[in-house]
Protein chains: 2
Amino acid sequence: MPKSKRLMELMMTVNRKRRFKVQELADEFGVSTRTILRDLQELSELGVPLYSEVGPHGGYQVVRERVLPPIAFTEEEAVAMFFAVHALRHYSSLPFEAESASALSKFYLHMPGDVRDRIDGMKDRVDFITPTRRGDAPCLAILLDAAVHRKVLAVEYESKEKEAGSRRIQPVCIYANNGFWYCTAYCFLRQGFRVFRCDRIREAAYDMSGTEPLDLGDVSLSRRGAAEPREPIRLRVELSRSGVQRCEAELWLAPMLHVREDGSGAIDKDVSRGDIPFYTEFFIGLGDEAILEGPAELKDAIRRRLNELLARYL
Amino acid sequence: MPKSKRLMELMMTVNRKRRFKVQELADEFGVSTRTILRDLQELSELGVPLYSEVGPHGGYQVVRERVLPPIAFTEEEAVAMFFAVHALRHYSSLPFEAESASALSKFYLHMPGDVRDRIDGMKDRVDFITPTRRGDAPCLAILLDAAVHRKVLAVEYESKEKEAGSRRIQPVCIYANNGFWYCTAYCFLRQGFRVFRCDRIREAAYDMSGTEPLDLGDVSLSRRGAAEPREPIRLRVELSRSGVQRCEAELWLAPMLHVREDGSGAIDKDVSRGDIPFYTEFFIGLGDEAILEGPAELKDAIRRRLNELLARYL
DNA sequence: GAGTTTATGACAGAATGTGTCACCATTATA
DNA sequence: TATAATGGTGACACATTCTGTCATAAACTC
């Protein structure tokens, strides 16, 4: 086997078995231990972080982070990846440590000069914006780990209402939306699934009280939302052009929106009666851009609400 | 020079100069043409897409997309990059073609089995959510190109008010926010900078009328927003705990927010008089969570607005 | 047809890689 | 304290691979 190939395979092998002895590899590759030692030194020079200990039970280890076999990307792929990772800088917290920054600089440094120039030209001209929030979420990593390995966590959570309280949860998934990190989890306190905002989780630790984790195998990111409305009532609204554009920006509304040729639109869908307080606020916000045709119940609610507000501003 | 190093440098060189002749490289590396030929064949086998033509004016070319020198990432870096690129799938349009998908699969395929398992375990449990919108923006690539190379475009734009109209613009930058792509550009029609929503740009083509591009060198992403308020008036608001949380979610508001120990908060900042209509809507939306203390002008505006709305719902 | 350029094979000599051996250092454990 | 396990290094002869040279071919331009 040519040396170059052996080195590649050696790198793979070494990454797979994080601990190994020289003799082991020598047998595996059919070369002498001296050769393996020389090869390992070369790998080391190439950046694989090897560490060795002498003596019985000693041996080699791939220390810290393992290095993955090098991947060759095309220029376009590299550019796309660069900006994807670049977008992560908007997040003050990430479930991975600071690795995205190092990946970015690694990318940048490895590019031939002209590709680097191209990226430089684009860097100030393309962006994926995410609102930057103040509070960071220090416990993303542990939440993610718990979600992956089905562990129960004891957390201190500051909910909307209360100051702070401790509860046991079993995370299902975490996701970033609009600059905040959320974690859907089974809450043993409330006996059901809840969404927690991660920056309000003050502390998180693996639960030691022996609470049995649930089998949440089929619950995951893909199963959010989309419930049938309960106690349906008919919502009918006429929208101006601007009204349509403002509704399009509302994610939850977009699916029920009917847009006409001329840009105006309408909503005509069953919604839950329980959501009336929510719609009340929303249609007050839309102002002149929406003409509410029904239900009367919602109209009443809006009228009452407007009067209440008016009273506050006298 | 050891062969392995020569091959690496050869790959770089070959990628830099997309066209070259064997003799050229032989001189550059101080080896014979025969050796270079053998090396090029090896590069070829390693995946570099080389193409050669014999005869005068012939020579070698790197065909299709060039392959960048392989980069070795650590496991954590790779995972972070995987999810960064994974997040791009929420965008129906991107300024780069389908490269993010191929980058993703390349990543996935090159991972040793256990890292792949790790990613599989996390794939359904972490996400960066971006609202998915209907309209895609077909002209992102040309907008970006125009921004980078300072070109003037002739576009068909459907603005909020009008059906559609053609105008000449010179893009400055493009950015994705909340699921929409926007393009800030100098508009030769309006003689000033405007923000265009890219999915409303029906058509875009390089301008042929000979409009002279402007030198927008110093205008870029970094200089958005942050203007001093004109005609400042003092905005003073008292916020409940929930009020604070809702304000934190508003990007433009977060910097002026003062949060107290107990979770409640206040706003006390100069704002532009011209923004009163905007604040009117906003504080109506906040309802009971905010107590507006001033200015009187804004209170009046809110009262008037509430009365108008009430009239619509009688 | 003359000139340019890639393509391939053969082979000797040069360069590099490999195995063996000798020896050292460190450490766990009997 | 002795012993065995383990990595680390240098020297040197031997093996293998790599490289240059040469011959030859084929494709193409002018």
Side-chain angles (χ1 to χ4, degrees), chain A residues 1-67 69-70 72, chain B residues 1-67 69-70 72:
Chain A
M1 189 187 331
K3 184 188 174 187
S4 51
K5 286 198 179 177
R6 194 184 58 230
L7 276 179
M8 285 293 165
E9 292 193 25
L10 197 62
M11 185 185 281
M12 308 259 224
T13 310
V14 148
N15 273 326
R16 200 180 54 246
K17 31 168 67 166
R18 311 284 294 267
R19 281 190 81 110
F20 53 90
K21 302 204 197 316
V22 176
Q23 187 61 55
E24 218 173 295
L25 295 182
D27 294 346
E28 210 163 301
F29 284 88
V31 295
S32 70
T33 60
R34 185 70 183 88
T35 303
I36 292 292
L37 276 168
R38 280 191 274 243
D39 286 353
L40 287 176
Q41 183 164 347
E42 271 197 60
L43 282 192
S44 220
E45 281 160 15
L46 281 172
V48 183
L50 293 172
Y51 169 76
S52 60
E53 273 180 351
V54 297
H57 314 303
Y60 266 89
Q61 293 181 51
V62 184
V63 90
R64 283 203 317 273
E65 308 118 353
R66 53 203 289 203
V67 174
Chain B
M1 190 189 321
K3 184 187 173 188
S4 51
K5 286 199 178 177
R6 195 183 57 230
L7 277 179
M8 283 295 166
E9 293 194 22
L10 198 62
M11 186 185 278
M12 307 259 225
T13 310
V14 148
N15 274 326
R16 200 178 54 243
K17 32 168 70 168
R18 312 285 294 265
R19 282 191 80 110
F20 54 90
K21 301 204 196 317
V22 175
Q23 186 61 55
E24 220 173 294
L25 296 183
D27 293 346
E28 211 163 300
F29 284 88
V31 296
S32 71
T33 60
R34 186 68 185 90
T35 304
I36 292 292
L37 276 167
R38 281 192 273 244
D39 286 354
L40 287 176
Q41 183 165 346
E42 272 197 60
L43 282 192
S44 219
E45 281 161 15
L46 280 173
V48 183
L50 293 172
Y51 169 75
S52 62
E53 274 181 351
V54 298
H57 315 302
Y60 266 90
Q61 292 180 52
V62 184
V63 91
R64 284 204 315 274
E65 306 122 351
R66 51 203 292 204
V67 175

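To find a chain, count down the sequence lines: A is the first, B the second, and so on, and within it residues start at 1. As the structure is a prediction and not an experimental result, all values here were calculated from the model. Just the heavy atoms: all of them, side chains too, but no hydrogens, waters or symmetry mates, feed the values below.
Separation of atoms CD (A:Gln41) and CZ (A:Arg38) is listed at 10.0 Å; rounding is to 0.5 Å. Rounding to the nearest 0.5 angstrom, the gap separating the OG1 atom in A:Thr33 from the CD atom in A:Glu24 is 13.0 Å. A distance of 9.5 Å separates CD in A:Gln23 from CD1 in A:Ile36, rounded to the nearest 0.5 Å.
Regarding B:Leu40, its CG atom lies at a distance of 14 Å from the C1' atom of C:dT8, rounded to whole Å. Look at CG on A:Leu50: it is 10 Å from P on D:dG8, rounded to the nearest Å. Atom CD in B:Gln23 sits roughly 11 Å away from atom P in D:dT21 (whole-Å rounding). One atom, CZ of B:Phe29, and another, P of D:dT19, lie 12 Å apart when rounded to the nearest Å. Protein atom CG of A:Leu37 is 15 Å distant from nucleotide atom C1' of C:dG17, rounded to whole Å. B:Lys5 places its NZ atom 18 Å from the P atom of C:dA15, with the value rounded to the nearest Å. Between the NZ atom of A:Lys21 and the C1' atom of C:dT26 there is a distance of 15 Å, given to the nearest Å. As a whole-Å value, the separation of A:Arg19 CZ from D:dA5 P is 17 Å.
Residue contacts for A:Glu53: at a heavy-atom cut-off of 4.0 Å it reaches the sugar-phosphate backbone alone, with no base atom in range.
Distances were taken from every side-chain heavy atom of B:Gln41 (C-beta onward) to each of C:dT8, D:dA27, D:dT19; the shortest belongs to C:dT8. Residue B:Pro56 places its side chain closer to C:dG3 than to any other of C:dT6, D:dG20, C:dG3. Distance from the side chain of B:Lys3 is smallest for D:dT19 among the nucleotides D:dT19, D:dG7, D:dG10.
Counting atom types as modelled, A:Arg34 pairs no side-chain N or O with a base atom of D:dG8 as donor and acceptor under 3.5 Å. Donor-acceptor pairing under 3.5 Å, judged by distance alone, is present between the side chain of B:Arg38 and the base of D:dG20.
Residue A:Arg6 has a polar side-chain atom (N or O) positioned under 4.0 Å from OP1 or OP2 of C:dT18. The phosphate of C:dG19 (OP1 or OP2) has a side-chain N or O of A:Thr35 nearer than 4.0 angstrom.
Where B:Val54 and B:Asp39 meet DNA chain D, the nucleotide closest to each residue was compared, and B:Asp39 sits on the side nearer the 5' end. When each of A:Thr33 and A:His57 is assigned the nucleotide of DNA chain C bearing its nearest heavy atom, the one mapping closer to the 5' terminus is A:Thr33.
When side chains are defined from C-beta on, B:Val14 counts as touching B:Leu50, because their heavy atoms get closer than 4.5 Å. Between B:Leu40 and B:Leu10 the shortest side-chain heavy-atom distance falls below 4.5 Å.
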